[in-house]
Amino acid sequence: MNNKKLTVAFIGCGRFAKFFVPLFKAHPFTEKVYVCDLIPEKAKLYSERFGVEIINSFEDVLNNKEIDCVINFTQRHIHGEIVTRALKANKHVYSAVPMASTVEECKEIVDLVKQTGLIYLMGETCYYYPCAMYCREAYKEGKFGDFSYGASQYYHHINDIGYGKIAEERGMPPLLYPTHSTAMIISAVDSYVKKVACFGFADKSKDEAFDKDKNMWNNEHTNQYVLMELANGGTARVTEARGFGWGKPSSYISSLYGTKGSYEFSNAQHILVEKDFTAPKEKVNLTDVSDYVNPFDMTANKDLPDFKNRVANGEWQWNNYSPIQQKEIDRLPKEFDSLDNGHMGTHKFLVDDFLKAVYYKKQPILNAWAAARYTVPGLVAIESAKQGGIPLDVPDFGDGK
Ligand SMILES: NC(=O)c1ccc[n+]([C@@H]2O[C@H](COP(=O)([O-])OP(=O)(O)OC[C@H]3O[C@@H](n4cnc5c(N)ncnc54)[C@H](O)[C@@H]3O)[C@@H](O)[C@H]2O)c1
């Protein structure tokens with residue numbers, strides 16, 4: 001196999017990319033890392049902090065034949081343009097979430113990946129969240145039976161989320177950024193969305209960013225709540241809230257019910273209930289799977305008197321692994337051992353997935369088709385909410401197989 005080490009260029013040196021530059025730099029499949037930002041001081045800070053070279057502009061990246069991959073960490077509403085331009089310039093793409101902000105852009109990315117065979121990965125951290133991994137595993141093992149109903153959410157108050165600093169980000173509809181919630185529940189039950197019906201909440205005490213006339217999105221919803229009909233016959237409720245969400249965890253599956261069993265979660269407790277079909281009278285078997293799903297350090301501290309409060313304040317949910325993640329930990333390069341991770345220990349999995357996908361020329365699990373299945377339902381749901389919650393069909397671009 002004619003595999004070569006890869007040269008990558010970060011587009012965007014903001015708040016999030018700093019967690020990823022050291023990982024890309026350390027990975028054994030990386031030859032060189034460039035950084036680029038519209039604001040030269042930001043690129044300079046990154047260059048000095050991480051010992052990487054600056055490249056002046058996105059256009060220079062696109063024209064530079066030495067660069068194999070674009071690593072997109074720009075603001076969330078411009079991903080469509082950045083990614084399509086990168087693919088058209090023959091670059092593989094790692095992109096922070098979401099995939100894009102229109103259905104047409106999502107389709108164009110899928111089509112470009114299909115036509116070119118280039119690698120695209122959407123870096124959805126929640127795909128590797130322990131609760132999502134646990135539900136995927138339990139569903140595959142048949143513990144839930146047929147999926148009937150489940151709920152997932154991403155709660156992040158606008159005052160803490162940090163966006164809204166530039167005009168285009170103000171008042172953005174919450175479901176423009178749906179992939180934390182959708183990736184968890186949809187991947188757990190191995191399906192995709194066929195139809196959505198969505199309602200929103202217009203907060204009377206809101207920041208004026210969510211006044212319809214004061215943002216470019218014509219949006220007044222700080223929170224959006226959507227029911228999704230899935231192709232497997234089940235229904236998911238997904239909530240994206242920017243008007244509440246003070247504590248942690250902020251992204252999680254709160255419940256998942258099937259014909260044979262269910263999963264429920266709160267604070268730090270993960271509960272599996274299975275129907276006992278062998279018992280003469282109706283009976284269930286309840287298993288507390290918290291120690292398997294929670295990060296090792298969280299479990300080590302579970303007897304502390306203020307444990308639940310500390311969980312609600314975000315402790316043990318950044319750099320820590322869980323037992324359910326063990327298989328994924330084992331495949332990481334040793335060069336990552338001493339480096340920081342993030343978002344429930346997920347950053348390293350995403351970087352490794354992408355570089356291995358490009359190196360071995362095989363689409364990753366979080367490929368363009370999966371990214372579309374996690375992004376498009378949110379975009380269609382925004383339209384449903386605008387029209388008073390009418391059910392709308394969601395286009396599906398397949399699974400790429
Ligand atoms: N858990 C997660 O998956 C997660 C968490 C946080 C952020 N994100 C995503 O990460 C991305 C970045 O978020 P952030 O908070 O770092 O944003 P940010 O606003 O801090 O940084 C974005 C940077 O991109 C730069 N930029 C924009 N267009 C550019 C161009 N054409 N060329 C060069 N630079 C350009 C901007 O100048 C800015 O510095 C967002 O898309 C967000 O959705 C994902």
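Numbering of residues begins at 1 and proceeds along the displayed sequence. Just so it is clear, the model here is predicted, and its values are computed rather than measured. Atoms within each ligand, like the ligands themselves, are counted from 1 in listed order.
Here the closest non-hydrogen pair linking Ala381 and Cys198 is O-CB, 3.3 Å. Taking each heavy atom of Gly123 and Tyr94 in turn, the nearest pair found is CA-OH, 3.5 Å.
Listed by chain and residue number, Tyr128, Met133, Arg331, Phe349 satisfy the side chain to side chain contact (heavy atoms under 4.5 Å, CB included) test with Glu328 (two or more places apart in sequence, or in another chain).
Within the listing of ligand 1, atoms 2 (C), 4 (C), 5 (C), 8 (N), 43 (O), 44 (C) sit less than 4.0 angstrom from a heavy atom of Tyr177. Close approach to Lys42 involves these atoms of ligand 1, each under 4.0 Å from a residue heavy atom: 38 (C), 39 (O).
Backbone and side-chain nitrogen or oxygen atoms of Ala96 are examined, and none is located within less than 3.5 angstrom of a nitrogen or oxygen of ligand 1. Close N/O approach between His79 and ligand 1 is found [any backbone or side-chain N/O within under 3.5 Å].
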Under 3.5 Å, side-chain donor or acceptor atoms of residues 179-188 against the rest of the protein: list the pairs with distances, not counting sequence neighbours.
{"unit_1": "Thr179", "atom_1": "OG1", "unit_2": "Glu124", "atom_2": "OE1", "d": "2.7"}
{"unit_1": "His180", "atom_1": "ND1", "unit_2": "Glu124", "atom_2": "OE1", "d": "3.1"}
{"unit_1": "His180", "atom_1": "ND1", "unit_2": "Glu124", "atom_2": "OE2", "d": "2.7"}
{"unit_1": "His180", "atom_1": "NE2", "unit_2": "Tyr177", "atom_2": "OH", "d": "3.2"}
{"unit_1": "Ser181", "atom_1": "OG", "unit_2": "Tyr154", "atom_2": "N", "d": "3.1"}
{"unit_1": "Ser181", "atom_1": "OG", "unit_2": "Glu240", "atom_2": "OE2", "d": "2.5"}
{"unit_1": "Thr182", "atom_1": "OG1", "unit_2": "Pro178", "atom_2": "O", "d": "3.0"}
{"unit_1": "Thr182", "atom_1": "OG1", "unit_2": "Tyr374", "atom_2": "O", "d": "2.7"}
{"unit_1": "Ser187", "atom_1": "OG", "unit_2": "Arg136", "atom_2": "NH1", "d": "2.9"}
{"unit_1": "Ser187", "atom_1": "OG", "unit_2": "Ala183", "atom_2": "O", "d": "2.7"}
{"unit_1": "Ser187", "atom_1": "OG", "unit_2": "Met184", "atom_2": "O", "d": "3.4"}

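Ring pair Tyr263/Tyr134 is tilted by interplanar angle, where 30° to 60° counts as tilted. Classified by interplanar angle (parallel below 30°, tilted 30° to 60°, perpendicular above 60°), the ring pair Tyr155/Tyr252 is perpendicular. The aromatic rings of His343 and Trp318 sit tilted relative to each other, their planes meeting at an angle between 30° and 60°. Aromatic ring pairs are classed by plane angle as parallel below 30°, tilted from 30° to 60° and perpendicular above 60°; the pair Tyr359 and Phe29 is parallel.
Within the 4.0 Å heavy-atom criterion, the part of Ile78 lying near ligand 1 is the side chain and not the backbone. At a heavy-atom cutoff of 4.0 Å, ligand 1 is contacted by both the backbone and the side chain of Arg76. Residue-level proximity to ligand 1 for Glu124 is absent, since no heavy atom of it falls below 4.0 angstrom.
Of the protein's non-hydrogen atoms, the one nearest atom 37 (O) of ligand 1 is Asp37 OD1, 2.6 Å. Here the protein heavy atom with the shortest distance to atom 27 (C) of ligand 1 is Gln75 OE1, 3.2 Å. Residue, atom and distance of the protein heavy atom nearest to atom 7 (C) of ligand 1 are Phe16 CD2, 3.4 Å. Shortest contact from atom 21 (O) of ligand 1 to any protein heavy atom: Gly14 CA, 3.3 Å. Atom 22 (C) of ligand 1 has as its closest protein heavy atom Phe73 O, 3.4 Å. The nearest heavy-atom contact from the protein to atom 40 (C) of ligand 1 is Thr74 O, 3.2 Å. In this structure, the protein non-hydrogen atom closest to atom 34 (N) of ligand 1 is Leu38 N, 3.1 Å. For atom 17 (O) of ligand 1, the closest heavy atom belonging to the protein is Arg15 NH2, 3.6 Å.
Taking NZ from Lys91 and CG from Asp68, the interatomic distance works out to 7.0 Å, rounded to the nearest 0.5 Å.
Assignment of His180 to the shell around ligand 1 is supported, since a heavy atom sits closer than 4.0 Å.
Looking only at side-chain heavy atoms (C-beta outward), Val311 and Trp316 come within less than 4.5 Å of each other.
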